[in-house]
Peer 1: 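Here it is, the structure in full.
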Amino acid sequence: MENPPQIAVLGGGIFVRTQYIPRLAEISHLFVLKAIWSRSQESANTTVELARKIFPDVECKWGEDGLDEIINDSSITGVAVVLAGQFQVEMSLRLLKAGKHVLQEKPAAASISEAETALSHYNSICASIPGQPIWAVAENYRFEPAFVECKKLMEEIGDMMSIQVIVEGSMNSSNPYFSSSWRRNFTGGFILDMGVHFIAGLRMLVGCEIASVSAITSHVDTMLPPPDNISSVFQLENGCSGVFVMVVSTRAPKIFWRVVGLKGTLQLERANKEGSHGYQVSFHGADGQCKSSFYPFSGVTEELKTFIHDISQATLKKGSSYEAETRLSFVEGARDVAVLDAMLESGIRQGALVQVKKF
Ligand SMILES: *[C@@H]1O[C@H](CO)[C@@H](O)[C@H](O)[C@H]1NC(C)=O
Ligand SMILES: *[C@@H]1O[C@H](CO)[C@@H](O)[C@H](O)[C@H]1NC(C)=O
Ligand SMILES: *[C@@H]1O[C@H](CO)[C@@H](O)[C@H](O)[C@H]1NC(C)=O
Ligand SMILES: *[C@@H]1O[C@H](CO)[C@@H](O)[C@H](O)[C@H]1NC(C)=O
Ligand SMILES: *[C@@H]1O[C@H](CO)[C@@H](O)[C@H](O)[C@H]1NC(C)=O
């Protein structure tokens with residue numbers, strides 16, 4: 001590639017070290033990693049030392065000055081924001097205002113009200129900056145090959161009759177994110193932080209928005225921030241109903257999406273095959289046969305590749321507006337948050353029916 005885009009990563013946490021750096025390494029021919037920034041020098045230093053094994057020239061930036069340097073560096077066109085959920089939107093808007101394309105980690109926002117305010121700021125930034133900076137939300141589930149394949153198979157199951165999303169997670173003290181302080185101080189706890197993935201998967205499969213929800217939430221495991229489990233009934237705009245159950249920490253983890261249609265049933269389940277993690281997709285057709293395939297995870301790599309492609313195209317077509325991939329759009333991320341926000345609100349109101357905010 002002649003002029004690969006130059007990017008920076010903001011954040012030096014677990015996700016940057018264990019996902020961003022190795023996944024970016026797989027596609028390192030597509031871009032130049034110019035800098036890694038973290039609030040503290042120590043965290044920036046540790047993360048940069050790790051990244052230099054693959055990206056020997058990456059610069060180490062920290063604190064307000066380091067951030068200013070990234071913002072002022074016009075050679076950096078794209079920035080990945082991988083920070084505590086409470087600060088991501090504010091940081092993204094600051095970068096967008098400076099004309100950078102932004103890939104922000106999920107959740108898109110900490111609440112519906114934050115998402116609404118953020119969108120109106122973004123729209124006014126787009127109206128005042130000619131280059132139209134892209135605001136992408138990194139939701140890897142929309143890029144997982146299993147979901148992409150299942151979405152195609154959905155056409156074969158006929159009219160949807162029932163949907164189940166069952167998430168029995170394994171967020172215990174062995175999990176590296178268990179002690180993450182920002183997740184413990186986040187309204188909605190792990191249900192919001194992790195739940196957006198499962199809602200994203202659901203919305204992608206059914207291809208229809210969730211109109212209303214009713215939920216019961218509870219706090220049983222006091223080692224976890226509240227609530228730690230939720231049982232919800234939801235209705236899609238097309239009338240079809242389903243259930244969404246999420247228990248944050250269980251002894252026998254199991255995660256699946258199951259859609260029952262008039263002509264068949266589709267199930268997508270978290271699985272492990274020959275040491276690789278991924279999804280088992282099973283399709284039961286009208287003929288009674290079951291077709292089953294395994295798809296290893298690759299959503300994070302795919303989403304990063306798409307963002308790099310989008311910023312390269314946007315730079316080429318500078319001036320005229322470029323249509324970025326909709327699966328990465330901030331609005332899609334905000335819709336996932338809206339569903340959980342409605343479920344959590346219903347939980348607070350003992351299961352009252354709550355309409356999901358439309359974006
Ligand atoms: C990290 O800190 C050590 C010790 O102060 C120093 O030798 C090293 O150059 C630093 N690395 C980066 C990338 O700044
Ligand atoms: C960044 O640019 C602003 C405005 O041009 C300037 O005030 C500031 O000193 C610059 N900061 C750095 C660290 O270069
Ligand atoms: C956490 O969950 C995993 C998966 O179920 C299990 O293997 C591990 O033993 C659990 N750790 C603790 C401390 O309960
Ligand atoms: C938790 O969040 C509140 C409000 O966002 C903030 O004032 C407080 O400092 C945070 N506490 C910790 C330990 O992060
Ligand atoms: C929450 O999970 C606990 C087990 O950890 C279970 O006893 C309880 O019934 C669950 N509550 C809901 C509402 O799902």
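This one's a predicted model, so the numbers in the text were calculated from it and none came from an experiment. Atoms within each ligand, like the ligands themselves, are counted from 1 in listed order.
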Peer 1: Show the atoms of ligand 2 that are less than 4.0 angstrom away from any heavy atom in Glu69.
Peer 2: 13 (C)

Peer 1: Without hydrogens or angle criteria, can the side chains of Thr306 and Glu325 be said to hold a donor-acceptor pair below 3.5 Å?
Peer 2: no

Peer 1: Can you confirm if the aromatic rings of Tyr279 and Phe297 lie within a centre distance of less than 6.0 Å?
Peer 2: yes

Peer 1: So if I apply the side chain to side chain donor-acceptor pair (under 3.5 Å) rule between His197 and each of Arg142, Glu139, Glu144, which one comes out positive?
Peer 2: Glu139

Peer 1: Kindly print each ligand 3 N/O atom paired with any protein N/O atom under 3.5 angstrom away, one pair per line, or none if nothing qualifies.
Peer 2:
residue, atom, partner, partner atom, Å
ligand 3, 2 (O), Asn172, ND2, 2.3
ligand 3, 11 (N), Asn172, OD1, 3.4
ligand 3, 11 (N), Asn172, ND2, 3.0
ligand 3, 11 (N), Ser174, OG, 2.8
ligand 3, 14 (O), Asn172, ND2, 3.4

Peer 1: Going by atom types only, do Ser212 and Gln355 share a side-chain donor-acceptor pair under 3.5 Å?
Peer 2: no

Peer 1: Only heavy atoms of Glu49, strictly under 4.0 Å: list the atoms of ligand 1 that pass.
Peer 2: 1 (C), 8 (C), 10 (C), 11 (N), 12 (C), 13 (C)

Peer 1: What pairs of donor and acceptor atoms, side-chain ones from residues 54-62 against any protein atom, are under 3.5 angstrom apart with sequence neighbours left out?
Peer 2:
residue, atom, partner, partner atom, Å
Glu59, OE1, Lys61, NZ, 3.4
Lys61, NZ, Glu69, OE1, 2.8

Peer 1: Without hydrogens or angle criteria, can the side chains of Lys100 and Thr77 be said to hold a donor-acceptor pair below 3.5 Å?
Peer 2: no

Peer 1: Report yes or no: does Arg52 have a heavy atom closer than 4.0 Å to ligand 1?
Peer 2: yes

Peer 1: Should you measure from each heavy atom of Asp68, which atoms of ligand 2 turn up under 4.0 Å away?
Peer 2: 11 (N), 13 (C)

Peer 1: As an exercise, identify every atom of ligand 2 less than 4.0 angstrom from a heavy atom of Asn72.
Peer 2: 1 (C), 2 (O), 3 (C), 8 (C), 10 (C), 11 (N), 12 (C), 14 (O)

Peer 1: Ignoring hydrogens and geometry beyond distance, is a side-chain donor-acceptor pair present between Gln280 and Ser292 at under 3.5 Å?
Peer 2: yes

Peer 1: Residues in ring-ring contact (aromatic ring centres under 6.0 Å, His included) with Trp135, at least two apart?
Peer 2: Tyr122, Phe330

Peer 1: Check ligand 1 against Val48 and write out every atom of the ligand that is under 4.0 Å from a heavy-atom position of the residue.
Peer 2: 13 (C)

Peer 1: Does Asp65, backbone or side chain, put an N or O under 3.5 Å from an N or O of ligand 2?
Peer 2: no

Peer 1: Less than 3.5 Å apart, which donor and acceptor atoms pair up between the side chains of residues 145-168 and the rest of the protein, not counting sequence neighbours?
Peer 2:
residue, atom, partner, partner atom, Å
Glu149, OE2, Lys152, NZ, 2.9
Lys151, NZ, Met204, O, 3.1

